[in-house]
Each structure stands twice: as C-alpha cells, then as structure tokens.
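Only heavy atoms go into these numbers, but all of them, side chains included; no hydrogens, no water, no symmetry mates. Nothing here was measured: the structure is a model prediction, and the numbers come from that model.
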Amino acid sequence: MLFGEYYPSFNGKNRTSLAKKLREEIAGDEIILSRGVGSKCIFGFSKKEWEEAAKQELTKPLSDPEGQRIRRAFFTGAAAVELDEQGRFVIPEFLIKYADVKEKIVIAGVGDHFEIWNKDLYEKSFNNE
C-alpha cells in the first residue's frame, strides 16, 4: 500500500527520486508513469499494479465513448521508466508538460499508485474540495 506525501528534489533534467518507503512497496526497478486521468498530475504504478489497472480499464466497452476516452488518456500517455539504485528516474517530457511540473513537486502515495504533482497545483487541489 502506497501512502504519504514526499517532497523530493527535482532538477532541470526532469529527474527526481522515489522515497525509500515507496520503492520498498513497488519492489522492482521499473515503474509505469501515465497521465493522471481526471487530474493534472502524473500517475505512477508498479508494473504489477499497472497490469491490474489496465485490465480494469479494458473491461469497459470499446464502443462506449467514455471507454474510448479513458483508454486514450491512460494508454497513449504511458511510459515505462527505469529506477536506478537510489530510486532516481527521469520523467518523460510529455508528462512534465501535461502535469505542468516545475521545480517544486510532491509525490503522494494514494493506495495502489502514487501521483507526481506540481506542488502549487497539489495544494490548490485540497483548497478546491
């Protein structure tokens, strides 16, 4: 189970790191990043959780416009990313632009996945609830 808020450094090369607690739960050296469906953030999954989420999305009828929209957002906006020994990874540029990620970020564990947010947008998301 992924939980907690983390405020890692983020450099100009689109590189950041996962907290040790998150890495221990993910177990592996590859994560899947995708557009945050319904949020202006980046979703992050372990390979196993990605496969589970993908199966769930694929149960929605292809003929349904909502099913089509979610598939497009979920699958076309995804990338497999390698973690190094310290848990560092590079966020693809198209996801950086999508989530408007800048110099201050938050990585939030939200159960079965984590989310990467622009810190200001993350804080605003709580003020708008």
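Within 6.0 Å of the CD atom in Gln56, the count of heavy atoms belonging to other residues, nucleotides or ligands does not exceed 12.
Taking the side chain as every heavy atom from C-beta outward, Phe89 and Leu33 approach each other to under 4.5 Å. Using a 4.5 Å cut-off on side-chain heavy atoms (C-beta onward), Tyr122 and Glu5 make contact. The shortest side-chain heavy-atom distance between Ile116 and Ile91 falls under the 4.5 Å cut-off. Side-chain contact between Val81 and Val90: absent, with no pair of heavy atoms (C-beta onward) separated by less than 4.5 Å.
There is a path of hydrophobic side-chain contacts, each under 4.5 Å, that joins Phe114 to Ile42.
Atoms OG1 and CD1, from Thr16 and Ile107 in turn, are 4.5 Å apart once rounded to the nearest 0.5 Å. Taking CG of Leu2 as the reference point, atom OG of Ser46 lies at 7.5 Å (rounded to 0.5 Å).
Applying the under-4.5 Å side-chain rule to Ile, Leu, Val, Met, Phe, Trp and Tyr, the cluster around Tyr98 consists of that residue alone.
Evaluation of the ring-ring contact (aromatic ring centres under 6.0 Å, His included) rule for Tyr7 yields no partner, not counting sequence neighbours. The salt bridge (Lys or Arg N to Asp or Glu O under 4.0 Å) search around Glu30 returns Lys47, not counting sequence neighbours.
Among residue pairs with one or both ends in residues 65-87, those qualifying as side chain to side chain donor-acceptor pair (under 3.5 Å) are Arg15-Asp84, Arg35-Thr76, Glu66-Arg69, Asp84-Arg88, Gln86-Arg88; sequence neighbours excluded. The side chain to side chain donor-acceptor pair (under 3.5 Å) analysis of residues 103-115, with sequence neighbours excluded, yields the pairs His113-Glu115, Glu115-Trp117. Note on residues 56-65: pairs passing salt bridge (charged side-chain N to carboxylate O under 4.0 Å, His left out), not counting sequence neighbours, are Glu57-Lys60.
When all heavy atoms are compared, the tightest approach of Ala78 to Phe94 is O-CZ, 4.2 Å.
Looking at Asn118, its side chain does come within 3.5 Å of a backbone N or O of Asp100 through a donor-acceptor pair.
A salt bridge links Lys119 with Glu123; the closest basic N to acidic carboxylate O contact falls under 4.0 Å.
Aromatic pair Phe74/Trp50: centroids less than 6.0 angstrom apart.
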